Amino acid sequence: MNRVLVLDAAWQPDRIVSFERAVTLLWDGKAVAASDEIVTTMRSPSVSVDVPAVILLGQVAKWAFKRDMPVCTRSGVLARDQHVCQFVIGDVACHRPASTIDHLLPQSRGGAGLSWSNLVGACAPHNSAKADHTLEEMAKSHGWSLKREPFEPRRSIRLLNRVPAHVIPESWLPFLAAQAGR
Ligand SMILES: [Zn+2]
């Protein structure tokens with residue numbers, strides 16, 4: 001994947017850039033390596049530059065201080081839930097891939113259509129088992145619960161929506177986990 005994760009000066013994920021852009025930032029002294037993992041070496045006739053998987057900007061990006069409201073999308077919900085079904089049945093957390101989106105309060109019962117707090121990733125069997133029941137009903141009748149309360153994600157998770165989850169490099173994960181946990 002021709003991409004490098006850029007951290008701002010507060011070590012928060014800022015954006016994802018191409019190898020070429022990363023080299024420019026390094027070459028101009030605007031960023032330094034933040035990871036030992038070298039993902040490629042860019043060569044020109046006169047110079048070669050090792051490109052790290054993660055680079056760190058020298059100053060805090062402006063948007064880091066802004067709070068904007070992320071728009072809820074189906075792909076955003078799946079990314080927030082790491083593409084794994086969010087239901088727990090009794091004491092057993094489901095580990096199947098979330099191939100569907102479940103409305104905790106079904107739209108047929110007045111639930112919001114696109115809402116970070118009303119949507120969770122769900123496997124197909126659990127989505128069809130829940131059908132148009134509310135989570136409260138499933139909790140009473142079958143002991144269902146959620147792995148965590150659905151939340152409005154921060155910007156780093158939305159940035160990741162542009163990168164398929166299965167190609168996110170392992171060297172990015174410590175930074176992304178730190179961000180998601182705040
Ligand atoms: Zn499931």
Side-chain angles (χ1 to χ4, degrees), residues 1-8 11-17 34-35 37 39 53-54 63-64 66-182:
M1 186 179 56
N2 183 6
R3 291 287 183 272
V4 171
L5 177 64
V6 181
L7 305 177
D8 66 26
W11 288 75
Q12 299 296 299
D14 182 78
R15 65 193 121 119
I16 295 159
V17 298
S35 159
E37 183 191 339
V39 285
V54 185
W63 68 257
K66 282 193 238 157
R67 167 145 179 85
D68 56 355
M69 301 295 285
V71 176
C72 181
T73 61
R74 293 176 62 87
S75 65
V77 169
L78 289 174
R80 178 198 64 187
D81 294 343
Q82 297 169 313
H83 298 263
V84 176
C85 180
Q86 293 299 295
F87 289 116
V88 178
I89 317 300
D91 293 332
V92 182
C94 181
H95 293 295
R96 281 192 289 260
S99 54
T100 69
I101 300 278
D102 183 71
H103 293 76
L104 295 174
L105 180 61
Q107 286 182 282
S108 62
R109 316 266 302 259
L114 274 178
S115 147
W116 290 112
S117 59
N118 194 41
L119 299 186
V120 293
C123 67
H126 283 146
N127 199 336
S128 64
K130 183 167 168 292
D132 61 352
H133 296 293
T134 67
L135 180 62
E136 285 69 28
E137 289 168 351
M138 295 307 283
K140 280 188 190 136
S141 60
H142 293 87
W144 283 36
S145 60
L146 289 172
K147 293 176 183 174
R148 62 182 177 187
E149 282 301 305
F151 60 95
E152 179 182 282
R154 298 177 63 106
R155 189 182 177 108
S156 64
I157 296 174
R158 286 187 298 134
L159 283 172
L160 284 185
N161 292 347
R162 297 178 208 152
V163 181
H166 66 277
V167 297
I168 294 173
E170 263 182 39
S171 52
W172 293 13
L173 294 178
F175 303 105
L176 302 173
Q179 171 83 348
R182 277 161 199 265

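Whatever order the structure lists them in is the order used to number ligands and atoms, beginning at 1. Quick caveat, the model's predicted, so the values are computed rather than measured.
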Residues at least two apart in sequence or cross-chain that pass side chain to side chain contact (heavy atoms under 4.5 Å, CB included) with Ile89, listed by chain then number, are Phe87, His126, Trp144

Near the Zn ion (ligand 1), meaning under 2.8 Å, the protein N/O/S atoms are Cys85 SG, Cys94 SG, Cys123 SG, His126 ND1

Extract all donor-acceptor atom pairs below 3.5 Å that involve side chains of residues 91-100 and protein atoms in other chains or at least two apart in sequence.
{"unit_1": "Thr100", "atom_1": "OG1", "unit_2": "Ala122", "atom_2": "O", "d": "2.7"}
{"unit_1": "Thr100", "atom_1": "OG1", "unit_2": "Asn127", "atom_2": "ND2", "d": "2.8"}

Any donor and acceptor pair, going by atom type alone, linking the side chain of Gln82 with main-chain N or O of Arg80 inside 3.5 Å?
no

For residues 101-115, the side-chain hydrogen bond (donor to acceptor under 3.5 Å, both in side chains) pairs (sequence neighbours left out) are Asp102-Lys130, His103-Gln107, Arg109-Glu137, Ser115-Ser117

Problem - Lys147 NZ: over 12 foreign heavy atoms closer than 6.0 Å - result: yes

Val120 and Leu135, any side-chain heavy atoms less than 4.5 Å apart: no

